[in-house]
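Working notes, structure below.
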Protein chains: 2
Amino acid sequence: MTTIKEIAQQLNVSASTISRALNGKKGVSETLRRQVIKLSEKLGYYPDSNATALVKKRVGVLAVVIPRDSDFVFTTPFFPRILLGINRAANNAGYNILLSTGADKDFSSLYHRKLVDGLLVVGHRIDDRNVLNLEHSGIPNVVVPGFPDKKGPDLISVDGENIQSVKRAVSYLCSMGHHKIAVITGASNSKYSIERLRGFRQGMADANIEINEQYLLESDFSVADGSRMMAILLQMKDRPTAVMAINDAVAMGAIQEIERWGLKIPQDISLLAVGGSDVLDGINPPVTSIKIPTIQIGEKAVELLIAQIEGKPIQKRKIVFPTDLIVRESTGICKPE
Amino acid sequence: MTTIKEIAQQLNVSASTISRALNGKKGVSETLRRQVIKLSEKLGYYPDSNATALVKKRVGVLAVVIPRDSDFVFTTPFFPRILLGINRAANNAGYNILLSTGADKDFSSLYHRKLVDGLLVVGHRIDDRNVLNLEHSGIPNVVVPGFPDKKGPDLISVDGENIQSVKRAVSYLCSMGHHKIAVITGASNSKYSIERLRGFRQGMADANIEINEQYLLESDFSVADGSRMMAILLQMKDRPTAVMAINDAVAMGAIQEIERWGLKIPQDISLLAVGGSDVLDGINPPVTSIKIPTIQIGEKAVELLIAQIEGKPIQKRKIVFPTDLIVRESTGICKPE
DNA sequence: TTGTAGGCGTTATCAA
DNA sequence: TTGATAACGCCTACAA
């Protein structure tokens, strides 16, 4: 393995000169620098990042931490999608990505052991001790989605807008004549669940419609649970006329269940999804969705993390991206009974 | 930041003793060892992996290299799925994962710069120079899927069985009376395309059916291309009665297109997918598939990579997992015209 | 059982 | 412009 020393010997100069030449520092004659570069290429020299990190106190690696079971991570469309943004932004900035998944792992040791320069936590629950502990840890970090307003630790976070987005969607459904609106939410320790449900309640209140609490069902964000909850809704004597799904996976499951019952969307029941990944692209009819700019969220999160690592100032600690309500064919006018 | 030295000072012993105590080496009195461990926990000591790597010549990180555009990677179901297996196995073995995607990147520098102990290349094309160069590089590596028989470099690889699998599927379709069978393949520089197409040709030959070369279309493995190719097939005057899709994404696209034409599966046309991820789970009717054990492939690949890194013997350099033909409802008996 | 010394590959400081 | 030296944090002969 070629080291700086070998290059130095062959050129009859000192190692420090090689270092300077290779790192573009001043104080090396141009002719010498050229020789050094040429020889180092010829010898196939690569700097040892461990040695560099030891003295520079920086590795050039970001940890992407997804504190959930691997099965969940790699089967939920949200994660690949945000990974796309993260990966793109990290590459552009010259950082590598270390991927760490698994619930209840003490991921902060990745930082303490100097494997990474900072942590990007994605898809955490709001009662995750390891995430909460980040607050006064001194570890550069960004969390996605973060914590509901006025609650939780003061961490730098990035998310899509949830409350207004859902309010708008509810208002839209109401304008189509729907009163009996169901929501398949996710676990109650998820920021998504909390805020989207809050938006739902506000939207219904604004429209002056009473909420049937039986219509609010909690899923585990999976396709299977989407089906299960949809089945519960469908077998009610007083069925809802519209259903909002907390994410694309749940929407997918719900759609399947509706089809299984031989019902038509939107003729028999309207369906709206919060999400916007392309897993629903194949679905017929095209699904009305609140589109979360997931890729951008990932990119922004990386940007903020790197800013912290490199000691640049952070202006805004909670970034919230606006969403789009994309009306397609899965929602329609509520048929009078 | 706590170092070994500080612990040493506080205990009035030398740093080397601390090192020995913490690493469970012999030659330290048990009482001292206990003290050391207790104090190091109290101080929140973490070994610096860069320093350790510098002397031990091992980082404990595996690179997962996907030499394709990020967009492709994170929207193709195959990758999240194999990542699941990789992640699981790496964790169990105490390794971390560095994820690197992007076409035409010289990923071998990850190894040379000592960021990782070895490379796990996934989803490469067979003419990828960077992959081909791995052969005599001395870099511990495993490639998935590898190269077609008797061709390409002698690299350690893991894949699902392709040729026999497709032969069996073709034989099944023929037994249902299909003669006009189309295949939507992928790029011709993909091992999957090559071997599955080979299996198709052999299967058709075995069944003594002539192949209509117009029925063989090349896609880019995407949903969109699946639709596009399906459209081409559907507008032929002499339509195929069965279609085989190279992967789940293409199958998805094909199904959408068939629906768009108002045709029924399998009544009007049979469809079979090679793949077996759960993205097709939602589809109606359930899709007949050649199920590739993708997760296991990932796990095995990690196992082989770690074996190399740790200098253990490799018995078999080309691992091929058997597949299952899962007959569901998207394939049916060919209606006589 | 414990300590000393040297080294892993690189950078940074200070002289020359 | 260049070189010598120390230092980053840890490990490992070898000595004591």
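Chain identifiers are assigned alphabetically (A, B, ...) following the order of the sequence lines, protein sequences preceding nucleic acid strands; residue numbering begins at 1 within each chain.
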If I take atom [atom1] in residue [X] and atom [atom2] in nucleotide [N], what distance separates them, rounded to the nearest angstrom?
X      : N       : atom1 : atom2 : answer
N23(B) : dA13(D) : CG    : P     : 13 Å
Q35(B) : dT1(C)  : CD    : C1'   : 14 Å
I18(A) : dA12(C) : CD1   : P     : 16 Å
E30(A) : dT1(D)  : CD    : C1'   : 12 Å
K56(A) : dT13(C) : NZ    : P     : 12 Å
L22(A) : dT11(C) : CG    : P     : 8 Å
R34(B) : dT1(C)  : CZ    : P     : 13 Å
L11(A) : dT1(D)  : CG    : P     : 17 Å

Pairs: protein N or O with nucleotides 5-9 of chain D N or O, under 3.5 Å:
unit_1: dC8(D); atom_1: O3'; unit_2: K57(A); atom_2: NZ; d: 3.3
unit_1: dG9(D); atom_1: N2; unit_2: A51(B); atom_2: O; d: 3.4

Does any part of the side chain of [Y], heavy atoms only, come nearer than 4.5 Å to the side chain of [X], both counted from C-beta?
X       : Y       : answer
S157(B) : F147(B) : no
P140(B) : Y111(B) : yes
V61(B)  : V61(A)  : no

Subject >> Candidate list E135(A), H136(A), K318(A), test side-chain contact (heavy atoms from CB on, under 4.5 Å), partner D154(A), passing option >> reply: E135(A)
Original post:
Knowing that exactly one of V302(A), I295(A), L83(A) qualifies, which makes a side-chain contact (heavy atoms from CB on, under 4.5 Å) with R88(A)?
Top reply: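 So the option named by the test is I295(A).
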Original post:
Just to confirm, is there a sub-4.0 Å distance from OP1 or OP2 of dA4(D) to any side-chain nitrogen or oxygen of S14(A)?
Top reply: no
Subject >> Contact nearer the 5' end of DNA chain C, comparing R20(B) with S19(A) >> reply: R20(B)
**OP:** Note down the inter-axis angle between the two ends of the helix from dT1(C)-dA16(D) to dA16(C)-dT1(D), five pairs each, to the nearest 10°.
**Re:** 40°
**OP:** Report which part of the nucleic acid K25(B) touches: base, sugar-phosphate, or nothing (heavy-atom distance under 4.0 Å, all strands).
**Re:**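 The residue K25(B) makes sugar-phosphate contact but no base contact.
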Subject >> Point-to-point distance, once rounded to the nearest 0.5 Å, from CD1 of I314(B) to CD of Q308(B) >> reply: 5.0 Å
Subject >> Point-to-point distance, once rounded to the nearest 0.5 Å, from CG of D106(A) to CG of N133(A) >> reply: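 Rounded to the nearest 0.5 Å, the CG-CG separation comes out at 8.0 Å.
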Original post:
Partners of K114(B) by salt bridge (Lys or Arg N to Asp or Glu O under 4.0 Å), sequence neighbours excluded?
Top reply: none
**OP:** Measure from the side-chain N and O atoms of S40(B) to the backbone N and O of Y45(B), and report whether any donor-acceptor pair falls under 3.5 Å.
**Re:**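 Checked: no pair found.
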